[in-house]
S.K.: 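Provided herewith is a single structure, encoded as structure tokens, for subsequent inquiry.
Below, chains carry the letters A, B, ... as their sequence lines are ordered, and counting in each starts from 1.
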There are 2 protein chains.
Amino acid sequence: MTNRDELESMCKRRGFLWQSAEIYGGEAGFYDYGHLGAELLDNWKREWKKFFLGLSEDYHLIYTPNIHPYRVLESSGHVDQFSDVMIRCDRCGSSFRGDHVIEAETGEDAEWMDKDEIGDKIQESALSCPDCGGSFAQPEDFNMMFEVALGPTGERSGFLRPETAQGVYLNFRREFRALRKKMPMGLATIGSAFRNEISPRQGVYRLREFRQAELQIFFIPGIHEEVFENRFEEIKNMPVRIKRGDKTKEVLLGDIEDVPPFYLYHLGKMYEYHTDVMGFDPQRIRFRELSEEEKAFYNKIHFDLEFKFDTLGGWKEINGLHYRGDHDLKQHQKGSNTKLSVSTEEGRKIPHVIELSFGVDRNIWALLEDGYNSDDDRDWLDIPPKLAPRQVAVFPLVKKDGLLERSREVYEILDDEFRTHWEKTGSIGKRYARNDEVGTRYCVTIDYDTMDDDSVTIRDVESKKQIRVSIDEASGILKELIECEKRFDDHSNTEG
Amino acid sequence: MTNRDELESMCKRRGFLWQSAEIYGGEAGFYDYGHLGAELLDNWKREWKKFFLGLSEDYHLIYTPNIHPYRVLESSGHVDQFSDVMIRCDRCGSSFRGDHVIEAETGEDAEWMDKDEIGDKIQESALSCPDCGGSFAQPEDFNMMFEVALGPTGERSGFLRPETAQGVYLNFRREFRALRKKMPMGLATIGSAFRNEISPRQGVYRLREFRQAELQIFFIPGIHEEVFENRFEEIKNMPVRIKRGDKTKEVLLGDIEDVPPFYLYHLGKMYEYHTDVMGFDPQRIRFRELSEEEKAFYNKIHFDLEFKFDTLGGWKEINGLHYRGDHDLKQHQKGSNTKLSVSTEEGRKIPHVIELSFGVDRNIWALLEDGYNSDDDRDWLDIPPKLAPRQVAVFPLVKKDGLLERSREVYEILDDEFRTHWEKTGSIGKRYARNDEVGTRYCVTIDYDTMDDDSVTIRDVESKKQIRVSIDEASGILKELIECEKRFDDHSNTEG
């Protein structure tokens, strides 16, 4: 079991992440990424882009602003509907999300309840303020968007985007033309989204400003589904854990009969990203189908990908796959009075959207938790080498007899190819410990033998095993270990 | 001369950039980056990070939120002082920046004028509303920050950050510890900044939401300046164009005697980034020293880097180098009541900051303008291969006789190493034209000879020269051309 306090303490101390504006006492719902966290984030984004845009030549990334005009979010339905039910204590004035209070007190899932149902439940169960025990006022709908006044007289209004998807829908028409009218067409974006959470908590899990990586795939059902069906082979024998209603079971994706292949294909690709790129233990991820009450009315099919967090009390959503139908483009066509249909052999049609939505900060936290280990001797972070902020560290065994200078030379060579760190202070044991803690994948040590025969040791963070190789080979071997994710043993064996 | 309309039209049509929320009629001051623009932006950020973090092992990137709490921007001085002088027409109600109206009407530089000076000038020159000819009301100070209410009762207030720098200052203390107290320490960040411009205009040049890439270097004057002095050799013989007061001249950086070496060193590195990485014509860039009236009171030394825009009417700031002294950390020490000094051999001192500040969108626009060319035959974009969204395109001369399939095989090989595009529709001439227009650096064509002898042609976007090479060599030669920025001629010669 990973201890949340220990992991948070490491993240703060070593430069991964911590609450924003710390010197001012911190601001709830906002987090900073320090020098190792930012590198991890950049690596995650790069691999996400490579994997998901790699699914088709017709998938591309675009960037749109954080601020959207009022009428965009009016058309999308967010102005009217993007709210949580808030309850406020009559005595102390504290505000809470109604569903969270109900869940905490009764164990009942209340996310789908509306204002009246939450009001009834509170009465029925005689719930009172968790802070002071006071009674609650009538629940209210609270819109979670941050509004901003635009222009010198504030005559125009806008919102910080509550999801990155809307900016993509606005650009469907222009990109469809620029990309020469190919379909399925995918438009991804990675960026911030903003939700004025009533009571942000649970570290980076529920933030007021967070990051999303989303891929919107536009297609016409019945015409382009074939493209995905043709790739069904790739995922059909993939075993996944899936929760539908109360039942969780392990099945092959190809055996699920009541979900269309185009949807299952994308479930498979999301799963593959987590196991193959992020290196997650398959025991820690599952898909969960949302019930009719839980899912947004425009989502025709909705499974979340959940990760089993030790630090956050169990299974929790980190990503979702949303078949949004033609809802979004239809709304914007109406709102903007601009034709968003495309011509097909069956006449003009509004494309449908399947959305792959990733909560980036949640993925990063899951990655840190999944990789964090402790035993009696040490703490270490086991992150796949492509994602690790530091891939290689180089040390001299001692600073004298030319070892310092030689280690610096080796560092210069390796730093051209890998994210490399050079360290000379403290004992060799302390340097291993410091690097293990932040997940430096391989430590290269220069010792007295190096001065004789130009050999160095390479040590793996996970197994602590070492191999001895010549300096000339080191770069090639590290490249194989890092890029091909070869197991260390393949090389130990050759060496042994 | 690059024509602004033509360049903007290409950018819209081909997927670089355009005004946001286009289908809703567009939103002033906001721009979207399409699929080629986003790739260009990502490449620019990667190269910026590589170049500037490459200056020292003690320079790192961090990420902080777009929203800062009220008290952070109160301490920094932005709440009181971050304003422009606004004038409003009494008749039609249009608002303008006072300095812009004065500059447009009288040609006089008015950016440094305060509210009263602008009022006097308007009276004196009898200026009237550019829209309707009406007279102006008294000028007002207009704070350019976007305010947002945080939390369910809006009891807390925050602002969208007007610059990325403040988030870095807030993290100085934590990072100084995590990075083991080394100095000079550099903390960079790349992200959005927000200014509620009174009248946004000039395309991406003046946006309400824009991107900054900033590097803050912390050091103690007199103690750490030596580090930069030791590197002075690298830049001392660099010829730069520099404007001080009314005089512009070309000088060697090392010959400037009244600016300290640590500052000149960073001017040199900024210059080098523009010529060597971005490939700018040195005739189009210059440094300009800001006068006492123009520069912020806390900036001890301030030169802007200006680019000569055809599309925006001449020399305009794209970046700045700001020696901010100890102003920022002092203010936050006071505001947060947290000690931000560090211990030195001369007692505790508050570090000083030199800030390298890049306007990312302005750099992208300059890059597009600098690269955009037209002659009677064609339009083409000459962007350095490392930055180009598409590095390589692969075509079959015709689609029959197996050429289509062979071209696809070659594409698959090259796509592993380069940002590669495969195109089969239209004539070969049209494909060259389409790729030239978006700056695809090298076009590889599969023709009938390929089927005989496995050779292909590689054509350079700039010179239109072609070389013929074997498929086996193609990848290696492209790699040299792209990564080492070898000139095409080196290979033509070997071939010829």
S.K.: For A/Leu150, does its backbone N or O pair with a side-chain atom of B/Asn196 as donor and acceptor, under 3.5 Å?
M.R.: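 Not confirmed, B/Asn196 side chain does not pair with A/Leu150 backbone.
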
S.K.: Please classify the contact of B/His332 with chain A as side chain, backbone, both or neither, using a heavy-atom distance under 4.5 Å.
M.R.: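 Both parts, backbone and side chain.
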
S.K.: Is chain A contacted by the side chain of B/Glu22, its backbone, both, or neither, given a heavy-atom distance below 4.5 Å?
M.R.: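 The side chain, not the backbone.
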
S.K.: May I ask you to name which of B/Arg13, B/Arg174, B/Arg180, B/Arg211 has the most heavy-atom pairs under 4.5 Å with chain A?
M.R.: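 Heavy-atom pair counts peak at B/Arg174.
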
S.K.: How far does CD1 of B/Ile62 sit from CG of A/Leu36, to the nearest 0.5 angstrom?
M.R.: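 That separation rounds to 12.0 Å.
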
S.K.: Output the option from B/Thr189, B/Leu187, B/Val72 having the highest count of non-hydrogen pairs under 4.5 Å with chain A.
M.R.: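 Looking at each option in turn, the highest pair count goes to B/Val72.
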
S.K.: Could you look at B/Ala149 and say if it's the side chain, the backbone, both or neither that has a heavy atom under 4.5 Å from chain A?
M.R.: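 It is the backbone, since no side chain atom gets that close.
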
S.K.: May I ask you to decide if A/Tyr24's main-chain N or O and B/Arg71's side chain share a donor-acceptor pair within less than 3.5 Å?
M.R.: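 A pair under 3.5 Å: yes.
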
S.K.: With chain A, which of B/Glu140, B/Arg156, B/Glu197 has the greatest number of heavy-atom pairs at distances under 4.5 Å?
M.R.: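 Highest number of heavy-atom pairs under 4.5 Å: B/Arg156.
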
S.K.: Considering only heavy atoms, which portion of B/Thr338 lies under 4.5 Å from any heavy atom of chain A: side chain, backbone, both, or neither?
M.R.: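 The side chain, not the backbone.
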
S.K.: Measure distances from B/Leu160 to the heavy atoms of chain A and classify the residue's part below 4.5 Å as side chain, backbone, both or neither.
M.R.: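 For B/Leu160, side-chain heavy atoms alone lie under 4.5 Å from chain A.
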
S.K.: Quick check on B/Tyr411 against chain A: is it the side chain, the backbone, both or neither that has a heavy atom closer than 4.5 Å?
M.R.: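 Contact with chain A: side chain only.
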
S.K.: Measure distances from B/Leu17 to the heavy atoms of chain A and classify the residue's part below 4.5 Å as side chain, backbone, both or neither.
M.R.: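 Contact with chain A involves no heavy atom of B/Leu17 at all.
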
S.K.: A/Gln166, A/Arg208, A/His68: which one forms the most heavy-atom pairs within less than 4.5 Å of chain B?
M.R.: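 Most pairs with chain B among the choices: A/Arg208.
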
S.K.: Going by heavy atoms in the side chains, are A/Asp42 and B/Lys49 under 4.5 Å from each other?
M.R.: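 Sidechains of B/Lys49 and A/Asp42: in contact.
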
S.K.: Quick one: CG on B/Leu207 to CD1 on A/Ile67, what's the gap to the nearest 0.5 Å?
M.R.: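 Atom-to-atom, B/Leu207:CG and A/Ile67:CD1 are 11.0 Å apart.
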
S.K.: Could you look at A/Tyr31 and say if it's the side chain, the backbone, both or neither that has a heavy atom under 4.5 Å from chain B?
M.R.: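 A/Tyr31 touches chain B through backbone heavy atoms alone.
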
S.K.: Can you tell me how far apart CZ (B/Arg14) and CG (A/Leu179) are? Round to the nearest 0.5 Å.
M.R.: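 Between atom CZ of B/Arg14 and atom CG of A/Leu179 there are 9.5 Å.
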
S.K.: Looking only at atom types and distance, does a side-chain atom of B/Glu209 sit under 3.5 Å from a main-chain N or O of A/Asn66, one as donor and one as acceptor?
M.R.: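 A pair under 3.5 Å: yes.
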
S.K.: Heavy atoms only, distances under 4.5 angstrom: which of A/Gly191, A/Ser20, A/Gly335, A/Ala28 has the most pairs with chain B? Name it, please.
M.R.: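 Ranked by contacts with chain B, first place is A/Gly335.
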
S.K.: Using a 4.5 angstrom heavy-atom cutoff, name the option from B/Asn171, B/Asp84, B/Thr425 with the most pairs to chain A.
M.R.: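 Result: the option with the highest number of such pairs is B/Asn171.
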
S.K.: Is it the backbone or the side chain of B/Tyr63 that comes under 4.5 Å from a heavy atom of chain A, or both, or neither?
M.R.: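 When you check distances to chain A, atoms from both the backbone and side chain of B/Tyr63 fall under 4.5 Å.
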
S.K.: When you measure from the side chain of B/Glu175 to the backbone N and O of A/His35, does any donor-acceptor pair fall under 3.5 Å?
M.R.: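 Yes.
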
S.K.: Keeping B/Ser95 on the side-chain end and A/Pro152 on the backbone end, is there a donor-acceptor pair under 3.5 Å?
M.R.: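 Not at all, since once roles are kept as given, no pair shorter than 3.5 Å links the two residues.
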
S.K.: Do NZ/NE/NH1/NH2 and the carboxylate oxygens of B/Glu57 and A/Arg408 come within less than 4.0 Å?
M.R.: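 A salt bridge is present here (some side-chain N lies under 4.0 Å from a carboxylate O).
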
S.K.: Rounded at 0.5 Å granularity, tell me how far CD in A/Glu39 sits from NE2 in B/His60.
M.R.: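 Here the rounded value is 9.5 Å.
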
S.K.: Of all of B/Asn143, B/Leu61, B/Val148, which one pairs up most often with chain A through heavy atoms under 4.5 Å apart?
M.R.: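 The option with the most such pairs is B/Leu61.
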
S.K.: Is any side-chain heavy atom of A/Ile23 closer than 4.5 Å to one of B/Leu340?
M.R.: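 Yes - at least one pair of side-chain heavy atoms lies under 4.5 Å apart.
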
S.K.: Return the option, out of B/Gly151, B/Pro69, B/Ser199, with the maximum number of heavy-atom pairs under 4.5 Å with chain A.
M.R.: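 Counting heavy-atom pairs under 4.5 Å, the top option is B/Gly151.
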
S.K.: Please check if the side chain of A/Asp32 supplies one atom and the backbone of B/Thr64 the other of a donor-acceptor pair under 3.5 Å.
M.R.: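 No.
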
S.K.: Tell me, side chain or backbone of B/Arg46 under 4.5 Å from chain A's heavy atoms, or both, or neither?
M.R.: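 For B/Arg46, no heavy atom lies under 4.5 Å from chain A.
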
S.K.: Checking heavy atoms, do the side chain of B/Arg97, its backbone, both or neither come under 4.5 Å from chain A?
M.R.: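 Interface part for B/Arg97: neither.
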
S.K.: Are more than 12 heavy atoms, taken from residues, nucleotides or ligands other than A/Lys45, located less than 6.0 Å from that residue's NZ atom?
M.R.: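 Atom NZ in A/Lys45 is packed in, count exceeds 12.
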
S.K.: Taking A/Phe194, A/Phe210, A/Trp422 one by one, which has the highest count of heavy-atom pairs under 4.5 Å against chain B?
M.R.: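 Among A/Phe194, A/Phe210, A/Trp422, the one with the most close pairs to chain B is A/Phe194.
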
S.K.: Decide if atom CG of B/Asn337 counts as having more than 12 heavy atoms of other residues, nucleotides or ligands within a radius under 6.0 Å.
M.R.: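 Open.
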
S.K.: So which heavy atom on A/Ala178 is nearest to which on B/Gly15, and how close?
M.R.: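 Residues A/Ala178 and B/Gly15, closest heavy atoms: CB-N, 4.1 Å.
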
